[in-house]
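What you see below is based on every heavy atom in this structure, not just the backbone, and it leaves out hydrogens, waters and symmetry mates.
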Amino acid sequence: ASAFAAGVSKAEAYRQVIEQATALFDSQRNWVCNTANTASLLWHAFHSLPAPSNHANWAGFYVLDKTVASQLILGPFHGKVACQTIAFGRGVCGAAAASGKTQLVPDVEQFPGHIACDGDSKSEIVVPIMKAGKVVAIIDIDCAVEKGFDEEDQWHLEQLARLLARSCDW
């Protein structure tokens, strides 16, 4: 399911991610299982695409930490080791969690309070996963080049976030 043909369009890669995720989520509501498979799908999808998408260097999730108010904790991902916790309002992930809005950042060095978990990351997109009007998790994708993501990525990742919101027991 995570085999993506080289040279597919971004829209086709995302279509395949959502199609495969939908199939994988059938009869499976565990958020760990579903986000782990989704992180793999995203990682392989990005690496099948031309530049700048193929420079994605981190794809994964942070979830609401149920032991500490207004904090995210690291979930399943692909890439280098990452920050374990992020407070709401801190960095790109924390901004998405606090606002409930997607953060599309073409140059992370220009983002106030950016947290550099990986110094190779130059751009980032973070999409909140909302359940009953509250953030339960975020999708976080980093890229090793500036302007690695655009509005097309945002649109598709927001679709994926809605699928995850309704497919998992958060």
Side-chain angles (χ1 to χ4, degrees), residues 1-63 72 74-83 86 91-93 95-97 101-108 111 117-131 135-168 170:
S2 60
F4 291 82
V8 298
S9 70
K10 191 185 291 189
E12 177 56 28
Y14 278 117
R15 186 201 62 73
Q16 187 175 339
V17 165
I18 290 174
E19 179 181 286
Q20 292 298 321
T22 300
L24 288 164
F25 300 167
D26 186 38
S27 301
Q28 179 55 261
R29 297 201 51 84
N30 182 280
W31 70 264
V32 175
C33 183
N34 288 346
T35 57
N37 275 328
T38 303
S40 179
L41 287 169
L42 288 168
W43 181 261
H44 291 289
F46 281 116
H47 288 93
S48 73
L49 293 169
S53 298
N54 63 356
H55 292 285
N57 60 336
W58 203 91
F61 297 86
Y62 281 88
V63 298
L72 299 168
L74 182 63
F77 70 93
H78 283 260
K80 292 181 182 178
V81 296
C83 301
I86 299 174
V92 182
C93 292
K101 304 251 185 260
T102 297
Q103 303 294 307
L104 178 58
V105 182
D107 179 356
V108 295
F111 191 90
C117 293
D118 179 355
D120 291 338
S121 294
K122 304 296 182 210
S123 58
E124 186 170 6
I125 186 168
V126 180
V127 178
I129 300 170
M130 309 287 290
K131 189 76 174 184
V135 173
V136 293
I138 55 103
I139 302 169
D140 181 19
I141 317 287
D142 292 1
C143 191
V145 298
E146 289 181 10
K147 300 180 185 172
F149 307 103
D150 59 22
E151 291 77 13
E152 184 178 8
D153 294 291
Q154 180 174 341
W155 188 87
H156 289 287
L157 290 168
E158 287 173 351
Q159 300 299 314
L160 182 61
R162 285 191 278 282
L163 174 63
L164 284 157
R166 67 178 177 268
S167 299
C168 298
W170 296 101

Output the distance between atom [atom1] ([X]) and atom [atom2] ([Y]), rounded to the nearest 0.5 Å.
X: Asp120; Y: Asp142; atom1: CG; atom2: CG; result: 10.5 Å
X: His47; Y: Phe4; atom1: NE2; atom2: CZ; result: 12.0 Å
X: Cys83; Y: Leu72; atom1: SG; atom2: CG; result: 11.0 Å
X: Ile138; Y: Thr35; atom1: CD1; atom2: OG1; result: 11.0 Å
X: Phe149; Y: Cys143; atom1: CZ; atom2: SG; result: 4.5 Å
X: Leu49; Y: Asn54; atom1: CG; atom2: CG; result: 7.5 Å

For [X] versus [Y], what's the shortest heavy-atom pair and its separation?
X: Leu164; Y: Phe61; answer: CD1-CE2, 3.6 Å
X: Ala39; Y: Gly60; answer: CB-CA, 4.3 Å
X: Asn57; Y: Trp43; answer: C-CZ3, 3.6 Å
X: Ala36; Y: Pro76; answer: CA-CB, 3.5 Å
X: Ile125; Y: Leu104; answer: CD1-CD1, 3.9 Å
X: Ala144; Y: Lys122; answer: O-CG, 3.2 Å

Does [X] use its side chain to pair, donor to acceptor, with the backbone of [Y] at less than 3.5 Å?
X: Trp58; Y: Lys80; result: yes
X: Glu12; Y: Gly7; result: no
X: Lys147; Y: Pro106; result: no
X: Asp153; Y: Asp150; result: yes
X: Gln20; Y: Ile18; result: no
X: Ser40; Y: Asn37; result: no

Given side chains that start at C-beta, do those of [X] and [Y] come closer than 4.5 Å, heavy atoms only?
X: Leu42; Y: Leu157; value: yes
X: Val126; Y: Tyr62; value: no
X: Asp140; Y: Phe77; value: no
X: Cys93; Y: Glu124; value: yes
X: Phe111; Y: Gln103; value: yes

Side chain to side chain contact (heavy atoms under 4.5 Å, CB included) against Glu158, all qualifying residues, sequence neighbours excluded: Thr102, Val127, Gln154, Arg162

Salt bridge (Lys or Arg N to Asp or Glu O under 4.0 Å) contacts touching residues 19-35 (sequence neighbours left out): Arg15-Glu19, Arg29-Asp169

Residues Cys168, Lys131; criterion side chain to side chain contact (heavy atoms under 4.5 Å, CB included); working and verdict: CA-CA 10 Å; Cys168 298; Lys131 189 76 174 184; over 6 Å; no

Residues Thr38, Leu163; criterion side chain to side chain contact (heavy atoms under 4.5 Å, CB included); working and verdict: CA-CA 11 Å; Thr38 303; Leu163 174 63; over 6 Å; no

Verdict with reasoning, Ile139 to Ile129, per side chain to side chain contact (heavy atoms under 4.5 Å, CB included): CA-CA 7 Å; Ile139 302 169; Ile129 300 170; 3.9 Å; yes

Tyr14 and Phe46 aromatic ring geometry - parallel, tilted or perpendicular at 30°/60° bounds: perpendicular

